[in-house]
Every structure is written in C-alpha cells, then in structure tokens.
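As structure tokens, the structure follows; a few thoughts come after it.
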Amino acid sequence: MRALTLDSVPSTPAVTEVETPRPEAGELLVRVAAASLNGLDAETAAGTFLEVEKHRFPLVLGKDFVGTVDALGAGVRGFQVGDAVFGVVTKPFEGAGSLAEYGTVSADYGVTHVPAGLAAADAAALGLAGTAAWDCVTAVAVRPGETLLISGASGGVGTFAVQYAAARGAKLIATARPGAESEFITSLTDADAELRLIDYTDDVAWQVREAAPKGVDTALHLAGDGLLLASLLRAGGRIASTLGLGPDNVGDQSVTAHAVVARPNRATLDRLAADVASGTIRVPVTATYPLDRAVEAFEAFTAGAMGKIVVTMV
Ligand SMILES: NC(=O)c1ccc[n+]([C@@H]2O[C@H](COP(=O)([O-])OP(=O)(O)OC[C@H]3O[C@@H](n4cnc5c(N)ncnc54)[C@H](OP(=O)(O)O)[C@@H]3O)[C@@H](O)[C@H]2O)c1
C-alpha cells in the first residue's frame, strides 16, 4: 500500500510503498478513506519524541482516520466488514499511522461508527484534535462568564477548543497572528460570543493583562510558553496543557495545572460526532490533498496552515 512515511527522524516524509498491515486479535483493518495532519505528525518528523517513544521504521505518519472496516481480527465484536468508522490510531509506538491506504486499530478504543450527518471529510479531521480540545476544556471546567485564555487557538486543537469554550459561554482571549488567522478564529464563533484576539508574535503578557487585569480564570496551553500562561492566571485559576505542563512544572500552589493526554474513547468520539452532526461545532478543514500530494500537504501544514488539513486516499 502507499503511505506517508519517514525512514528516520528528524527528516521530511515521502509517499512510499509499504506492507499492508494485518489486523491482530481484537483489531480492525480499516481501508482509510481520508486522514488529517496534526501537530503531533510534524513533531514526530522533527524527532521530538525519539527519546520518549518507540519508533518503527519505515514510520507511517498519521493519527486521525475515516474509512471502512476491511477485515476483522480474532474476537472482534461490534463491527462488521463494510462498516463506516472514524477515530484515532493509538498504538504504543510511532510508526503504524493513518496516513496510508490501510491501518489497524484496536476495536475497543479509538474507533467508532460514523453516524448519519457526519461527512467523511469532517470525520477525517475530528478525532485527535477534537478529543484533545474536549479533554482540555473539560479539565479546566470553564463556566459561563469566566475568562479562558487559549494559546495556540489557530491550530487544530485550538480551533475546536475555541468553539467548545464559546458554547459554554466563556469570555475568550485567543492567540493568533493579526490578519487571516485572527479572521479565521472569529469566523468560528457566533457574533455574540465574547472574543478578544491577541497577537502571539507581540508581548502576550502585556496584552492579556490589559484584557484581564485581575488575571484570567482559566487557560489552555496548546502552544507557546506554558509557565508564562500560568503566571497570567488569577489565584485559584486553572490551566490545561497538551504540551505536558503539569503541577510539577507550575510552582504556584494557588493555581491548578492539568497535563492533558487526549483520550479518544468511544464516548468522546461519539460526542464529537454528534456535536458536528448537530451543528454545535464545525470541523475547520481548510485544505484537502490527495495522497499523491501528501508531502505538499505536510509542507503546507508545517509552514503554518490554519485549522485542519485533510489527505484523501481514494
Ligand atoms: N497531549 C496530547 O494528547 C496531545 C493531543 C493533541 C495535540 N497535542 C499537542 O498540542 C499541540 C497543538 O496541537 P495541534 O494539532 O493543534 O497543532 P497545530 O495544528 O500545529 O497548531 C499549533 C498552533 O499554534 C500556533 N502557535 C505557534 N507558536 C505559537 C505561540 N508561541 N503562541 C501561540 N500560538 C502559537 C501555530 O500558529 P502558526 O500557524 O501561526 O504558526 C498553530 O496554529 C501540539 O504540540 C501537539 O503535539 C497533544
């Protein structure tokens, strides 16, 4: 099969021929229709996780997928060949990802059926970023009228987090470059949402203190300097980080820090799918490329594309 692969890290990926995986006991073989790029793919290629995770080469990139069940491993229940499914590859190593014509996933975790009303292109870009955003917003438990500072709002996780936090009635302070990025974030919220955009290429602390002189109630660390963000919380404030910032890093005992590891269990995937199908949240797909042009997609993503980029296999 063809896949977007790395032969080593750090390196840039290429579309190559690799062996089609076989489902082990408890796994589904999925014929992937589309997958999306995530910050984690760019970081994997950059070698960020080499010291902390096992890597198998040639390493197939990709986390999210939508596709059709092609074969069942022994003992699988709840899925049939031909079922439309989406989710997130969650292997205990890097290398068997979803940016490929086929992928294997555990039938018990990280996969669910595509419900009516969820378009394939949306499902392809929903799993990981949507789950991480949901888990972060849930971790800080932002309440109506509270301020939420989102650093990294223009990325995949950020664009879902903006929408979930706005739906909870939070007053948003979101980082973006001025111009197209700021306009893009504004387009994700209703006209009556309270949204203040700050330029992360300028003095973030000054801009946040101006917007929230007593400190922000909550913050999401999806990019940038987590300790700086934590210092902008009011006493008793809460911060969630997808970049590992936790209680041990934040010396200030008066704030609560959650190092979030996204958990794409079936309940969360079903919730995300239902929220998209009902129009509560929108999947911010900004570009779609065929697998043949996946290297171009990867370059566009690492060059700072907004929202989600989808790669189609068929
Ligand atoms: N722990 C977990 O389970 C988990 C799950 C998902 C993601 N993550 C991590 O969470 C992070 C975000 O993921 P993602 O998929 O959303 O990545 P992404 O799509 O690449 O988004 C990152 C965004 O951050 C912006 N940015 C870069 N530097 C910034 C700064 N100094 N201040 C504010 N914003 C800045 C980028 O804007 P520009 O386009 O202007 O550069 C980009 O829009 C990644 O590090 C990823 O590895 C962790």
Side-chain angles (χ1 to χ4, degrees), residues 35-49 52-53 61-64 87-92 94 97-98 109-110 124-139 149-164 172-185 188 197-205 207-208 219-229 232 239-246 257-265 268 272 283-287 297-310:
S36 76
L37 288 160
N38 282 283
L40 285 173
D41 298 311
E43 289 159 1
T44 299
T48 306
F49 307 119
V52 289
E53 277 174 23
L61 284 167
K63 299 290 180 196
D64 303 317
V88 183
V89 174
T90 56
K91 304 268 182 189
E94 293 294 337
S98 61
Y109 189 76
L126 182 59
L128 182 62
T131 299
W134 174 259
D135 288 351
C136 283
V137 173
T138 304
L149 166 62
I150 305 182
S151 178
S154 47
V157 181
T159 44
F160 286 112
V162 163
Q163 297 180 73
Y164 271 124
L172 297 175
I173 303 170
T175 63
R177 293 174 194 268
E181 265 192 13
S182 293
E183 285 161 23
F184 176 62
I185 294 174
L188 296 170
L197 291 156
I198 60 170
D199 177 1
Y200 78 79
T201 63
D202 204 337
D203 187 337
V204 168
Q207 295 172 85
V208 173
L220 301 188
H221 173 220
L222 315 175
D225 180 346
L227 288 177
L228 174 76
L229 301 173
L232 298 170
I239 183 167
S241 170
T242 55
L243 297 166
L245 182 92
H258 304 270
V260 166
V261 176
R263 306 255 179 240
N265 55 49
T268 296
L272 293 168
V283 183
V285 175
T286 51
F298 184 84
E299 284 167 357
F301 182 75
T302 53
M306 297 175 287
K308 297 293 296 176
I309 291 186
V310 167

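Ligands are counted one by one from 1 in listed order, and the atoms in each one are counted from 1 as well.
Of the N or O atoms in Gly39, one or more lie within a sub-3.5 Å distance of an N or O in ligand 1. Annotation: Val260 places an N or O atom under 3.5 Å from an N or O atom of ligand 1; distance criterion only. Any N or O atom pair closer than 3.5 Å counts here, and Gly304 shares at least one such pair with ligand 1.
Among protein heavy atoms, atom 22 (C) of ligand 1 sits closest to Gly155 CA, 4.0 Å. Among protein heavy atoms, atom 12 (C) of ligand 1 sits closest to Leu222 O, 3.4 Å. Ranking protein heavy atoms by distance to atom 3 (O) of ligand 1, first place goes to Ala262 N, 2.8 Å. In this structure, the protein non-hydrogen atom closest to atom 26 (N) of ligand 1 is Ala223 CB, 3.7 Å. Nearest to atom 19 (O) of ligand 1 among the protein's heavy atoms is Gly156 N, 3.0 Å. The nearest heavy-atom contact from the protein to atom 27 (C) of ligand 1 is Tyr200 OH, 3.9 Å. Glu43 OE2, 3.3 Å is the protein heavy atom nearest to atom 44 (C) of ligand 1. Residue, atom and distance of the protein heavy atom nearest to atom 43 (O) of ligand 1 are Ser154 OG, 2.8 Å.
Using a 4.0 Å cutoff on heavy atoms, Ser151 counts as a contact of ligand 1.
A donor-acceptor pair under 3.5 Å is absent between the side-chain atoms of Thr175 and the main chain of Ile198, judged by distance alone. Not a single donor-acceptor pair under 3.5 Å links the side chain of Ser151 to the backbone N or O of Leu222. Remark: the backbone N or O of Lys63 is paired with a side-chain donor or acceptor of Ser98 at under 3.5 angstrom. Between the side chain of Ser182 and the backbone N or O of Arg177, at least one donor-acceptor pair lies under 3.5 Å. No donor-acceptor pair closer than 3.5 Å links the side chain of Thr131 to the backbone N or O of Arg263. Using modelled atom types, one side-chain atom of Thr302 and one backbone atom of Phe298 make a donor-acceptor pair closer than 3.5 Å.
Close contacts of ligand 1 with Gly152, meaning ligand atoms under 4.0 Å from a residue heavy atom, involve 24 (O), 33 (C), 34 (N). Of all atoms in ligand 1, listed by their number and element, those nearer than 4.0 Å to a heavy atom of Leu243 are 45 (O).
In summary, of the residues considered (Leu149, Ile150, Thr242), a side-chain contact (heavy atoms from CB on, under 4.5 Å) with Leu220 occurs for Ile150 alone.
The two residues Asp41 and Leu61 have their closest heavy-atom pair at O-CD2, 3.8 Å. Between Ala139 and Ala240 the shortest heavy-atom distance is CB-CB, 4.1 Å. Here the shortest heavy-atom pairing between Glu94 and Thr44 reads OE1-OG1, 3.8 Å.
Of the candidates Val157, Val204, Asp135, Thr48, it is Val157 that places a heavy atom closest to atom 7 (C) of ligand 1. Considering Thr175, Thr201, Thr131, Thr242 only, the shortest heavy-atom separation from atom 10 (O) of ligand 1 involves Thr242.
Between Asp64 and Leu126, the closest side-chain pair of non-hydrogen atoms is not below 4.5 Å.
At a heavy-atom distance under 4.0 Å, only side-chain atoms of Ala132, from C-beta outward, approach ligand 1. Proximity of Glu181 to ligand 1, defined as any heavy-atom pair under 4.0 Å, is confined to the side chain (atoms from C-beta onward).
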